[in-house]
Amino acid sequence: MAPITQSRNLLRTCPLCEAVCGLEITMDPDDHVTSVRGDRSDPFSKGFICPKGASFGHLDEDRDRVTEPLIRDRATGAWRTATWDEAFDYIAERFPAVVARHGAQSAAAYLGNPNAHTVAGTLYVPALLRALGTKNIYSASTADQMPKQVASGLMFGDPLTVPVPDLDRTDYLLMLGANPLESNGSLCTAPDFPGRLKALRGRGGRFVVVDPRVTRTAKLADEHLFIRPGSDAYLLFGIVHTLFAEQLTDLRVEVTGLDELRTAAAAFDPGTVSARTGVPASTIVRLARELAAAPTAAVYARIGTCTAEFGTITQWLVDAINALTGNLDSPGGAMFATAAAGGITRTKPFRPGRWTSRVRGLPEAMGELPVATLADEITTPGEGQIRALVTVAGNPVLSAPSGARLDEAFAQLDFMVSVDRYVNETTKHADVILPPPRPTQSPHYDFALLQFAVRNYTRYSRPLVPLGDRPSEPAVLARLAAALTGRPHDGSDGIDPLTAVDELVIAGMLHKAGIPERRGDLIGENSTEQRIDLMLRLGPYGEWNGGTLNLQVLLDNPHGIDLGPLQPRLPGVLRTASGRVDLAPQPLLDDVERMRARLSDAAPEIVLIGRRQLRSNNSWMHNIATLVSGSNRCTLHINPADVARLGLGDHAVVKSAAGTLTVPLEPTEAIMPGVVSLPHGWGHGDSAQTVARTHAGVNANVLTDDSVVDVPSGNAVFNGVPVTLAPA
Ligand SMILES: Nc1nc2c(c(=O)[nH]1)N[C@H]1C(S)=C(S)[C@@H](COP(=O)(O)OP(=O)(O)OC[C@H]3O[C@@H](n4cnc5c(=O)[nH]c(N)nc54)[C@H](O)[C@@H]3O)O[C@H]1N2
Ligand SMILES: Nc1nc2c(c(=O)[nH]1)N[C@H]1C(S)=C(S)[C@@H](COP(=O)(O)OP(=O)(O)OC[C@H]3O[C@@H](n4cnc5c(=O)[nH]c(N)nc54)[C@H](O)[C@@H]3O)O[C@H]1N2
Ligand code: SF4
Ligand SMILES: [Mo]
């Protein structure tokens, strides 16, 4: 190929949040991004872009990113760069030795959020985990959406069968604990979420937001309701109670457990739950009537309600209400997407708690243990104590509850390896850091996020810039899997680790489909692309499944392909034992007792919640100068009445059962009295990232308490944390 001498416009999906926006990127002849715009020809995002997407080029070339493997000298703490061979040899000499001495359970993995956004995270992490062969698998999921997955798993039979609000067609949206004007949406893939909400109101629909803060999303709504943090399950039970009491139910799908649900809701009449929630009983009754009366309606709840004490019950009741009001699996209601690739393969019903954690007996879910007990498992001696850790794309020191405990725990490990772009508050403890390539050097396909899209849609992006002589992230993970088990990792046994992983998967899928002879028909520049081609061909729109899709079709349509509005999918997607939607799963009924017991508890005087910021991304992207400025700061939102009552100045000392922080205050009427809000992901005081260090902030998860979890899912509790405040 002749050298490229001109700037060129390239297309790629943004990997930076769940909105999957199409980007149009201009690159100069030296492969530098010179501009980023929204891709107007993308049928789903239609040109929408946010400040993070616009900064994609700065991220791609951040000077502080890790570009070569790093090895840390344990005696001095100093990092040195290493070749890939050297780094993998270093790992192969040490990691398997720890496991040989202490057993397979002494190894652990932590998987961070960006794995949900990368091809490597979806297609190659499973092989890494299989190689480890440990039950000590942790991820950001138990600091995030595990309650939704457990609730969906129990109600529908598969934890990935998660309904999303049919945003573009609904007449009524009740949104709890989500702020898509900052987050751009979650477990509801909807590029230009703000525009879709405006369109809902524009067509005469009604939009109600429940949040302890008047958020930017709330300002867009017809109605905003304050709620006491952590009490959404009570509010929703009040609605369920009313639907039954006033005979407003209108079931249109086959269910089990209707009577059990009615009985469970009996104790939670609107009058009773009103005190606990702070929402007037008459408002709760009205919400129930409005949901029942609307031609179509959807209840949608997100992180504010998942990372709470009754997170799983809340997520269950969301879809119970969607079902009771006749809106489950129905246009304008809560529906299931039909993704082009990576859909469910499960045949038996989902079951949580198949095993429990060693120290605290917390339940497994989807093959992983709660991150709220990772520090316990590292620091508690005994058989099965974690001594060697792999992290991929995560930063639990800043993102997990009691993060400061993890900071100390990681320092005690015998060996740690991290696959990450940065030396961050977690990876600074690693012995070896293996960097992924620049984002522009990676392919992109949203296997996970398109399962939760509000329209059926598909898009594949090839890498924009060649890898040169460095490995792709899939190759890094495949080679790491070999090194961790002491197998040859450099292809010296004649088998390239990446090819080995891919051929095994491809052969397995072809065999299962009964077409082993079709291996030669797969297209793609490498075995990763061939796997994507196979997944598309066998998927619901696939060429080998009566449809048309394959990788070539996606390559020919680089702006993405609209596959139409969501379609009813019940009962086909159900994997429950009864073959019906279970409205009253026993593990959740069991947990209602815990709620009932807490009904009359005195409310703490002040509780802490979190919040997200448009120009932040959890604990990262704080090293991009164009993003960290203005309102993107780590301050404690507090109602002015509380500032006056407690005699506070500019700063306050905030104490919880887990820790103490001194934080700058930002008084605002937008937060209800008795509630304070601190964003997570900050606390870069001694960061190796030069820009992030000057916008350090504090680690909110010093205050959150890993001893408190949502019982059915083991999920972390970040919202409703009791705190006290004193003048600094
Ligand atoms: N108090 C409080 N805590 C919270 C939350 C909250 O609301 N309140 N939210 C929780 C939620 S929802 C989540 S998802 C978690 C997130 O928690 P984590 O997933 O643990 O943390 P992130 O900040 O997402 O860390 C992402 C890391 O991945 C790296 N990275 C980025 N791209 C890539 C890539 O392509 N490959 C690799 N290998 N690495 C990459 C980044 O450099 C960064 O270091 O935080 C949770 N913590
Ligand atoms: N810009 C940006 N976008 C992001 C991220 C980011 O860090 N920055 N993170 C990404 C990730 S990992 C995720 S999981 C998603 C999350 O996406 P969202 O769920 O939309 O997250 P938030 O914006 O934190 O909105 C949560 C809201 O819940 C409210 N809340 C807190 N406690 C309670 C409660 O007890 N009850 C109710 N009803 N509300 C409560 C908070 O005030 C807040 O407004 O965002 C993703 N997108
Ligand atoms: S909204 Fe999300 S996907 Fe879209 S440009 Fe911003 S970060 Fe990227
Ligand atoms: Mo998340």
Side-chain angles (χ1 to χ4, degrees), residues 13-23 36 38-39 45 48-56 59 62 65-66 110-121 125 138-145 177 180 183-187 189-194 302-304 306-307 371 391-401 403 406 418-427 433-439 441-442 444 446 449 473 476-477 608-612 614-623 677-682 689 699-704 715-719 721:
T13 304
C14 178
L16 298 173
C17 90
E18 298 179 44
V20 304
C21 300
L23 302 179
V36 183
D39 175 4
S45 63
F48 183 79
I49 188 170
C50 83
K52 281 195 296 187
S55 73
F56 183 76
L59 175 71
D62 186 346
R65 76 189 194 278
V66 181
Y110 174 84
L111 310 168
N113 168 275
N115 285 298
H117 302 262
T118 63
V119 166
V125 162
Y138 302 82
S139 87
S141 287
T142 51
D144 187 347
Q145 82 291 349
S183 71
N184 278 300
S186 182
L187 279 188
T189 301
D192 192 13
F193 212 124
R302 204 40 201 104
I303 196 89
C306 266
T307 53
V371 70
T391 75
V392 185
N395 192 2
V397 169
L398 296 192
S399 61
L406 279 173
S418 293
V419 184
D420 206 289
R421 297 194 178 293
Y422 290 100
V423 182
N424 68 23
E425 293 69 20
T426 296
T427 62
I433 299 180
L434 303 169
R438 288 162 57 185
Q441 291 174 308
S442 294
H444 193 88
D446 282 300
L449 305 178
E473 189 166 14
V476 170
L477 294 182
L608 174 74
I609 62 171
R611 70 175 184 273
R612 273 176 173 67
L614 182 65
R615 285 173 296 138
S616 171
N617 200 356
N618 297 316
S619 77
W620 67 298
M621 297 189 74
H622 297 166
N623 204 50
S677 162
L678 191 63
H680 72 285
W682 299 91
Q689 301 169 39
N699 179 1
N701 284 319
V702 164
L703 296 173
T704 59
N715 205 77
V717 173
F718 296 130
N719 294 311
V721 178

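Order of listing sets the numbers, starting from 1, for every ligand and every atom in it.
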For T307 and ligand 1, answer yes if some heavy atom of the residue is under 4.0 Å from a ligand atom, otherwise no.
no

Closer than 3.5 angstrom, by distance alone: can the side chain of [X] be matched with the main-chain N or O of [Y] as a donor-acceptor pair?
X    : Y    : answer
R611 : H680 : no
T307 : N719 : no
N701 : L398 : yes
T118 : G121 : yes
T142 : V371 : yes

Between I433 and V423, does the side-chain contact (heavy atoms from CB on, under 4.5 Å) criterion hold? Intermediate values first, please.
CA-CA 8 Å; I433 299 180; V423 182; 3.9 Å; yes

If you count the atoms of ligand 1 from 1 in the order shown, which ones are under 4.0 Å from a heavy atom of [X]?
X    : answer
I303 : 12 (S)
G112 : 19 (O)
Y110 : 17 (O), 18 (P), 19 (O), 20 (O)
P396 : 20 (O)
T118 : 35 (O)

I need the contact type for A393 against ligand 1. Using non-hydrogen atoms and a strict under-4.0 Å cut-off, is it side chain, backbone, both or neither?
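Both parts.
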
Check each heavy atom of Q145 against ligand 1 and say whether those closer than 4.0 Å belong to the side chain, the backbone, both or neither.
neither

side-chain contact (heavy atoms from CB on, under 4.5 Å) between V392 and E473: does it pass, once the steps are laid out?
CA-CA 10 Å; V392 185; E473 189 166 14; 4.2 Å; yes

Closest to [atom] (judged by heavy-atom distance), picking from [options]:
atom                    : options                : value
atom 43 (C) of ligand 1 : V717, D420, N395       : D420
atom 3 (S) of ligand 3  : P191, P15, C21         : C21
atom 3 (N) of ligand 1  : V423, D144, L678, N701 : N701
atom 36 (N) of ligand 1 : R438, M621, E473, R611 : E473

Quick test: of every protein heavy atom, which one is nearest to [atom], and how far off is it to 0.1 Å?
atom                    : value
atom 9 (N) of ligand 1  : R612 NH2, 3.1 Å
atom 10 (C) of ligand 1 : A143 O, 3.1 Å
atom 32 (N) of ligand 1 : R421 NE, 3.3 Å
atom 45 (O) of ligand 1 : S399 CB, 3.2 Å
atom 19 (O) of ligand 1 : N113 N, 2.6 Å
atom 44 (O) of ligand 1 : N424 ND2, 2.7 Å
atom 30 (N) of ligand 1 : P114 CG, 3.9 Å
atom 22 (P) of ligand 1 : S619 OG, 3.7 Å

Under 4.0 Å from a heavy atom of [X]: which atoms of ligand 3 are those, numbered in the order shown and with their elements?
X   : result
G53 : 5 (S), 6 (Fe)
C50 : 1 (S), 5 (S), 6 (Fe), 7 (S)
C14 : 3 (S), 5 (S), 7 (S), 8 (Fe)
V20 : 3 (S)

N, O or S of C17 under 2.8 Å from atom 6 (Fe) of ligand 3
no

Exercise: identify the closest heavy-atom pair between D420 and A393:
OD2-CA, 3.7 Å

List the atom of Y110, the atom of G394, and the distance in Å for their closest heavy-atom pair.
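Closest pair (atom of Y110, atom of G394, distance): CE2-CA, 3.8 Å.
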
Please step through side-chain contact (heavy atoms from CB on, under 4.5 Å) for the pair L16 and W620, ending with a clear verdict.
CA-CA 10 Å; L16 298 173; W620 67 298; 3.8 Å; yes

Nitrogen or oxygen of A700 less than 3.5 angstrom from that of ligand 1:
no

Taking atom types as modelled, find out whether H622 and S616 have a side-chain donor-acceptor pair closer than 3.5 angstrom.
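Note: H622 and S616 side chains meet the donor-acceptor criterion.
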
Decide whether Y422 and N395 meet the rule of one side-chain donor and one side-chain acceptor closer than 3.5 Å.
no

Which one of N424, T391, T427 satisfies the side-chain hydrogen bond (donor to acceptor under 3.5 Å, both in side chains) criterion with S418?
T391

Worked verdict on N184 versus L614 for side-chain contact (heavy atoms from CB on, under 4.5 Å):
CA-CA 8 Å; N184 278 300; L614 182 65; 3.8 Å; yes

Output yes when R302 and D144 qualify as a salt bridge under the 4.0 Å nitrogen-oxygen rule, no when they do not.
yes

